[in-house]
Amino acid sequence: KPFHFPSPPFLLSGPCLPLAAAMGILSSSFAKTAHSDGWAHLGRGPKLRQIFGAYGGQDCWAVQRRHRQIDDGNSYIGYDEFQKLVGAEEFSLLFVWDLFSQQNELMDVTELLTLICLFSSASLEEKARFLLALFDKSKCSVCTGVEVAQLCTMVLGILSRCTGLGATRMKEVSSSLKLELPSLLKAYAEAAGVVGGDVCFRQERVIFHSEVKHIIEPFKHSYERLAFSRPPPGDSPPPPPPNWGIIVGAPQRAAAPPGPNEQSAGAPRKPDAEPPQKKEPHLAWLSRLEDEPLGVVDSAPEPQRSWLLMHGVDFASVAKDLPNFRQTFVRSASTSLGLPAARVEVANIALGVHPASTLLELLLHPDIAGQDDRPLLTLVHMLEQQLGCGHSALRKGPFGAFIEDAELLGGPPRRNISSPLLSRGLDEQVERCEMAVQTDDDTELLRAPWPMSRPRVTDLAEVEANTNLRKAFRDLDGIRRRTEKAKVGRQSVLEELEKRKALIAELQAELGA
């Protein structure tokens, strides 16, 4: 017999299934929010409702589409990107930014989209569908229990900031949903009976978006008591148009006037000049090959490559959180140079010339849109000037702690030759010199002529050979390090052995006496 929902489970009479057993964590949280004095006392909730109250369901999807065009894959946005997503007054943007940004630098875009959807005037069903699609990582219109728990935790966290009450933890939400979902969704109950409740909650995708009506029914009554379920305030500003900020395509070039040998628009077309759209696919492809000039491989401008050597920055501590380190540099460099974040790229982060240094390889990409006419070398010089000035935007920014003693190089620095011969003794001083420069000053660092660009490689065989060569160098460097450690260990073992021999000799002398 097929399974139907004639009435929600929590409406059944009798003590078998109380109201709190069906999505009770959302129902109770909505009820606390509706009766909380902090909602009106703090004023955060009414202000957010006034900012996003005129937004509808389609406006929420429009914000998500705008984010897809500027998304760099890290799920966080800066204030400049936040302005491109939300069209509002400056004081309204600053209010939202101060309330939900992390350390006044970044904002979780998932939290922003949830915030806009929650305080919009869309219906409860439209909000639920949008949030399920937002947290659905598979993008197949079916979620797991963990994704639904993340959705609920995000919603409750936003409400807690508006009321000042304690936020509900992910663990509490997950424990509650594991008990409540089988009573709401038959497919989830069957999957839990086959693979187990914990595995079903984490892995099985059995919560379909089409069942959103059954999911929202238990807490619908509690939701209607909230302030953002009522009509929006009269002073809510209208949202921007759905296509605001969305680049549909590049502008078309104006058609040039026909030449003396070309036919005019009113002239009859030759019979053999068949339109390109009516040609066979392979013939159209061959005709495009004939029109392309030979010998042109790639006319795109190359980026400017530089190396930032940071002295006194321990690479081991930086390697613990490379994505954050990379993102902090990109944000700081792009802001100080007045560039979009997409034009600054961190190609590699590695150990510097000595253990207490870090080497960052960066790329400055040209402006394809043609809005910035500054040459790339000028930008590199500006970056070097900011490194040398203690009051610059780069030194005063969040990345300033790493570049107190840093220098910008036009080429990768060479490492000094291996450590002194340990066989001569640890206390013996061995003079060293740079292998390529042959200088007696061991504090001098070899620098390539600056600025210097790396030649572009287009041959696949050469690219593969360079990759294998770099891998061989890394392996060789690892072997060298292990060899040095072994030498140090051998020397310490020999010293310990000599001490024990002397101790044995003393003991034998005492026994003989």
Side-chain angles (χ1 to χ4, degrees), residues 20-34 36 38-39 42 44-45 48 52 60 64 67 74-77 96 99-102 106-120 122 124-139 142-185 188 192 197-209 211-212 214-220 222-223 226 228-229:
M23 300 294 285
I25 192 165
L26 282 179
S27 300
S28 60
S29 299
F30 287 165
K32 291 179 181 178
T33 303
S36 175
W39 179 272
L42 296 176
R44 298 173 179 175
L48 292 174
F52 302 109
C60 298
Q64 189 183 36
H67 171 254
N74 58 9
S75 301
Y76 287 92
I77 57 175
V96 179
L99 188 57
F100 291 95
S101 64
Q102 300 180 8
L106 299 174
M107 178 184 292
D108 187 355
V109 70
T110 305
E111 187 176 22
L112 173 63
L113 295 175
T114 305
L115 167 70
I116 296 175
C117 175
L118 186 62
F119 284 89
S120 67
L124 178 59
E125 183 176 349
E126 290 177 335
K127 293 181 180 180
R129 290 185 182 276
F130 177 80
L131 294 178
L132 286 175
L134 178 63
F135 284 85
D136 181 11
K137 297 181 180 179
S138 66
K139 305 304 178 184
V142 58
C143 296
T144 63
V146 173
E147 293 171 347
V148 176
Q150 293 173 350
L151 187 157
C152 297
T153 306
M154 184 72 72
V155 171
L156 298 181
I158 293 175
L159 294 180
S160 66
R161 295 194 183 188
C162 298
T163 59
L165 301 177
T168 306
R169 298 180 180 179
M170 176 71 177
K171 185 178 181 180
E172 300 174 0
V173 177
S174 301
S175 301
S176 178
L177 290 180
K178 288 180 183 179
L179 300 176
E180 298 165 3
L181 288 177
S183 62
L184 292 176
L185 306 174
Y188 185 91
D198 293 339
V199 178
C200 178
F201 185 78
R202 295 193 309 268
Q203 301 179 2
E204 296 300 324
R205 295 189 173 274
V206 290
I207 305 176
F208 293 88
H209 298 186
E211 298 175 340
V212 65
H214 303 302
I215 298 176
I216 66 176
E217 190 65 30
F219 57 87
K220 185 176 181 180
S222 300
Y223 171 81
L226 298 173
F228 47 78
S229 65

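Considering only residues two or more places apart in sequence or on other chains, Lys178 meets the side-chain hydrogen bond (donor to acceptor under 3.5 Å, both in side chains) condition with Asp198.
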What do the steps show when you test Val146 against Gln150 for side-chain contact (heavy atoms from CB on, under 4.5 Å), and what is the final call? CA-CA 6 Å; Val146 173; Gln150 293 173 350; 3.8 Å; yes
Check the pair Leu185, Phe208 against side-chain contact (heavy atoms from CB on, under 4.5 Å), reporting the backbone distance first and the verdict last. CA-CA 9 Å; Leu185 306 174; Phe208 293 88; over 6 Å; no
Let me see the working for Leu118 and Leu48 under side-chain contact (heavy atoms from CB on, under 4.5 Å), right down to the final yes or no. CA-CA 10 Å; Leu118 186 62; Leu48 292 174; over 6 Å; no
Go through the steps for Ser36 and Leu165 under the test side-chain contact (heavy atoms from CB on, under 4.5 Å), then give the verdict. CA-CA 9 Å; Ser36 175; Leu165 301 177; 4.2 Å; yes
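Classified by interplanar angle (parallel below 30°, tilted 30° to 60°, perpendicular above 60°), the ring pair Trp39/Phe119 is parallel.
Side chains of Thr114 and Phe135 form a contact here, defined as non-hydrogen atoms less than 4.5 Å apart. Looking at Ile215 and Ile207, their side chains come closer than 4.5 Å, going by heavy atoms from C-beta outward. In this structure, Leu112 and Phe100 have side chains that are not in contact, with every pair of non-hydrogen atoms separated by 4.5 Å or more. Side-chain contact between His214 and Leu184 is absent, with no heavy atoms from C-beta onward closer than 4.5 Å.
Atom CE of Met170 is separated from atom CG of Leu156 by 11.5 Å, given to the nearest 0.5 angstrom. A distance of 9.0 Å separates OG1 in Thr110 from CD in Gln64, rounded to the nearest 0.5 Å. Here Arg129 contributes atom CZ and Ile216 contributes atom CD1; the two are 8.5 Å apart, rounded to the nearest 0.5 Å. Note that CD of Glu147 and NZ of Lys137 are 6.5 Å apart. Values are rounded to the nearest 0.5 Å. One distance of note links CG of Leu115 with OG of Ser120; it measures 10.0 Å at 0.5 Å rounding. Taking CD of Glu111 as the reference point, atom CD of Gln102 lies at 7.5 Å (rounded to 0.5 Å).
Of all non-hydrogen atoms in Leu113 and Phe130, the two that sit nearest each other are O-CE2, 3.8 Å. When all heavy atoms are compared, the tightest approach of Tyr188 to Gly197 is OH-O, 4.1 Å. In terms of heavy atoms, Gln203 sits closest to Thr144 at O-CG2, 3.7 Å. Of all the heavy atoms in Met154 and Asp108, the pair that sits closest is CE-OD2, 4.1 Å. Considering all non-hydrogen atoms of both residues, Arg161 and Leu42 come closest at O-CD1, 4.3 Å. Nearest heavy-atom pair, Ala149 versus Val173, reported as atom, atom and distance to 0.1 Å: O-CG1, 3.8 Å.
By the 6.0 Å contact criterion, NZ on Lys139 is enclosed, its count of non-hydrogen atoms from other residues, nucleotides or ligands being greater than 12.
Judged purely by atom type and a 3.5 angstrom limit, Ser229 uses its side chain to pair as donor or acceptor with the backbone of Leu226. A distance-only check finds no donor-acceptor pair linking the side chain of Ser174 to the backbone of Lys171 [under 3.5 Å].
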